[in-house]
Amino acid sequence: MVRVPFRASADRVRRRLGRTARPSSRSRTAARTTAAAPGDLAAAGRGPGRHPYLRALGMLAVVVLGAWLGLLAVGSIRTPVGPMDTTMTLRPSLTGGSKINVSPLGALELDSHIAPLRLDVDVDRLDPERSQALVDQPERFSNLQDEVTRDVAAGTRELAVRSCVAVVSGAAALGLVVYRRPRRALAAGGLALTLLAASGVSAYATWNPKSVLEPKFSGLLSSAPSLVGDARSIVTEFDIYQRELARLVTNVTKLYDATSTLPVYQPDPGTIRVLHVSDIHLNPAAWHIIASLVEQYEIDVIVDSGDTMDHGSAAENGFLDPIRDLGAPYVWVRGNHDSRVTQEYLEKFRNVRVLDDGAAVNVGGLRIAGTGDASFTPDRTGPGSNKEAARLEGMRLATALRDQERAGTPADIAVAHDPNTARETDGTVPLVLSGHYHRRINEQLKLGTRLKVEGSTGGGGLRAVQNEKPEKVHASVLYMDRSTRRLQAWDEITLGGLGLTTAEVSRHLPEENLKKDAPGSPTPSPSSPSSSASPALSPGRSSGRPTPAP
């Protein structure tokens with residue numbers, strides 16, 4: 001009984017002596033414990049294995065957030081570009097690219113690079129003195145492009161320096177606030193600079209100077225492709241468009257009037273313009289859109305890949321009457337919402353060419369073959385599109401195309417509503433058009449045929465009101481060479497759906513045309529189409545194969 005208190009006292013004395021003998025070790029441990037962040041202690045309590053990973057993730061989050069805040073605060077510059085004052089900014093982005101905002105005209109987007117940073121250029125205003133100098137000295141227009149290039153290069157260099165400072169400062173400041181240790185704050189700044197440098201290397205490695213050949217316009221700038229003109233003159237005539245823009249910026253008060261009255265360049269005699277529409281689904285607004293596009297782009301032939309109706313009943317036939325007044329030949333194939341009654345009604349129109357069972361017609365300088373859809377499912381009560389039936393119909397179409405080629409009258413374009421039908425024509429025709437999916441697809445098939453699936457020109461039709469968001473209106477203008485009858489380029493027109501007023505036009509070229517028309521390479525004169533070589537088909541962009549719309 002006496003030994004127990006004595007032994008406890010002895011243990012206390014030994015512990016005190018031990019603390020006295022190792023003060024530095026204990027003080028360091030206490031200091032580390034005191035300085036540790038609450039999150040670190042919590043992570044340590046969950047086990048030593050997770051602690052380093054959580055700290056690394058925490059550091060990365062601090063760096064990214066701090067860098068972003070730094071870019072928002074001071075990561076932009078004001079710089080003159082020609083007669084304009086602009087603001088250039090780097091923004092975090094998942095896709096990269098560049099965006100030029102020309103208020104109030106709209107925007108121009110370029111796939112210039114792939115990196116987690118996007119370059120935004122906002123045109124703020126026109127400088128009165130520099131604009132007046134252009135008016136007083138018209139000879140300066142010849143050097144305007146070089147001047148703009150120098151201004152953009154100088155602004156980009158300044159923006160790069162400013163962005164480095166903004167990223168490092170933002171990450172270091174937030175690191176100091178979070179960790180309260182200068183060493184960790186400096187580490188955050190250094191990591192931010194490393195990430196920015198890696199993004200710069202990625203942008204440099206993926207830099208695509210040819211992106212200017214495939215711009216995406218929005219707002220009033222969506223009229224730019226029609227101003228540029230035919231497919232062959234996209235590059236050779238672009239300097240004309242630049243000169244027109246330079247003239248426009250000298251008088252902003254007349255800008256809207258000028259954009260509506262600029263002369264449209266005459267189409268190249270070697271270019272046939274085809275308007276591809278599909279899946280109108282009883283939307284009466286589609287006829288106004290088509291008529292406008294026919295007039296604006298001077299369309300030679302309209303190709304409708306089906307589903308013009310919704311139930312295919314005789315009562316709906318009156319909806320088709322505006323086709324008579326569209327001002328261009330109309331080539332049509334039956335969709336799964338179109339009936340034989342619909343087909344027989346359209347066959348009575350003088351300007352309509354109905355294609356079925358592989359039949360072909362010569363229209364607008366092209367030979368077009370097609371077939372109607374193998375299924376009829378207007379009420380959505382059946383199993384939907386039969387893929388096997390669609391493929392069998394495609395095999396019959398492919399056989400008809402081969403027979404026509406053997407007869408010396410090969411088709412230039414094939415049309416089928418269902419993409420499953422269209423895919424079976426691979427190798428028998430250069431270009432095949434379809435619809436049905438209500439979404440665009442551009443795909444190079446294995447044997448060389450290019451498949452182009454158009455979205456809904458009727459914005460999903462009257463059933464669009466059943467969806468959460470309005471479906472967009474899609475149509476495409478295809479530029480075909482008259483001598484070779486091959487696809488040279490295409491414009492994708494996208495309009496806002498029900499209740500929306502947005503408009504976008506984006507121009508696309510096959511890869512071979514991009515190489516041929518790259519700046520600095522010889523380009524055939526638009527006035528002599530026979531001197532140009534026939535461009536080979538090349539892979540294009542594909543948006544995947546979505547689930548077919550019923």
Side-chain angles (χ1 to χ4, degrees), residues 274-283 286 289-290 302-310 312 331-338 370-380 382-394 397 413-426 429 431-446 449-464 466-478 490-498 504 506 508 539-550:
V274 178
L275 177 62
H276 182 200
V277 301
S278 189
D279 296 88
I280 293 174
H281 285 294
L282 279 184
N283 187 346
I289 295 170
I290 292 173
I302 305 167
V303 176
D304 186 342
S305 50
D307 269 6
T308 313
M309 312 299 269
D310 214 349
V331 178
W332 182 87
V333 298
R334 188 179 65 252
N336 62 298
H337 281 259
D338 305 317
T371 188
D373 197 85
S375 304
F376 180 57
T377 57
D379 55 2
R380 299 190 178 188
S385 177
N386 188 323
K387 185 175 181 179
E388 191 60 31
R391 291 185 60 191
L392 290 174
E393 188 65 36
L397 176 58
I413 300 176
V415 189
H417 177 68
D418 194 327
N420 293 306
T421 302
R423 290 177 184 277
E424 296 302 318
T425 66
D426 189 16
V429 67
L431 176 65
V432 60
L433 306 178
S434 67
H436 188 52
Y437 286 164
H438 292 201
R439 183 177 177 183
R440 286 192 180 107
I441 298 175
N442 175 40
E443 181 180 355
Q444 188 83 8
L445 302 179
K446 292 181 179 179
T449 296
R450 181 181 293 276
L451 169 65
K452 290 190 65 59
V453 181
E454 188 54 70
S456 173
T457 309
L462 299 181
R463 294 179 178 179
Q466 300 174 357
N467 303 329
E468 277 188 22
K469 296 181 179 179
E471 190 171 336
K472 293 185 177 181
V473 174
H474 295 105
S476 295
V477 177
L478 314 178
W490 65 92
D491 288 343
E492 293 180 350
I493 296 100
T494 305
L495 307 177
L498 191 64
E504 291 182 356
S506 56
H508 303 269
R541 298 178 181 176
S542 172
S543 56
R545 293 188 61 188
T547 303

Heavy-atom pair of closest approach, residues [X] and [Y]:
{"X": "A390", "Y": "T421", "answer": "O-OG1, 2.8 Å"}
{"X": "N420", "Y": "E424", "answer": "O-CG, 3.6 Å"}
{"X": "S278", "Y": "G306", "answer": "OG-O, 3.7 Å"}
{"X": "A475", "Y": "V277", "answer": "CB-CG1, 4.3 Å"}
{"X": "T371", "Y": "V333", "answer": "O-CB, 3.5 Å"}
{"X": "S456", "Y": "E471", "answer": "CB-OE2, 3.6 Å"}

Could you tell me if the side chain of [Y] sits less than 4.5 Å from the side chain of [X], heavy atoms only?
{"X": "I290", "Y": "L275", "result": "yes"}
{"X": "R440", "Y": "T494", "result": "yes"}
{"X": "V331", "Y": "I413", "result": "no"}
{"X": "S434", "Y": "L451", "result": "yes"}
{"X": "L397", "Y": "V432", "result": "no"}

Can you name the one residue among H281, H474, H337 that meets ring pair (Phe, Tyr, Trp, His ring centres under 6.0 Å) with H438?
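Of H281, H474, H337, ring pair (Phe, Tyr, Trp, His ring centres under 6.0 Å) with H438 is met by H281 alone.
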
Donor-acceptor check, side chain of [X] to backbone of [Y], threshold 3.5 angstrom: yes or no?
{"X": "D426", "Y": "K446", "answer": "yes"}
{"X": "D338", "Y": "D307", "answer": "yes"}
{"X": "D373", "Y": "R334", "answer": "no"}

Determine the sole option in L478, V274, V415 for which the side-chain contact (heavy atoms from CB on, under 4.5 Å) test with L431 is passed.
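The single option meeting the side-chain contact (heavy atoms from CB on, under 4.5 Å) with L431 is L478.
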
Would you compute the distance between atom NZ of K387 and atom CG of D418 and round it to the nearest 0.5 angstrom?
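K387 atom NZ to D418 atom CG measures 9.5 Å (nearest 0.5 Å).
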
T457 side, atom OG1; I302 side, atom CD1 - distance, nearest 0.5 Å
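Reported value, rounded in 0.5 Å steps: 10.5 Å.
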
Step by step, would you call D279 with H417 a side chain to side chain contact (heavy atoms under 4.5 Å, CB included)?
CA-CA 9 Å; D279 296 88; H417 177 68; 3.5 Å; yes

Can you tell whether the side chains of E443 and R450 come within less than 4.0 Å, N to carboxylate O?
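Looking at R450 together with E443, the answer is no, because their closest N to O distance does not fall below 4.0 Å.
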
Any chance the side chains of N336 and T377 put a donor and an acceptor closer than 3.5 Å?
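Indeed, the side chains of N336 and T377 share at least one donor-acceptor pair under 3.5 Å.
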
Can you tell me which residue among H276, H508, E454, K452 is in a side chain to side chain donor-acceptor pair (under 3.5 Å) with S476?
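Result for side chain to side chain donor-acceptor pair (under 3.5 Å) with S476: E454.
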
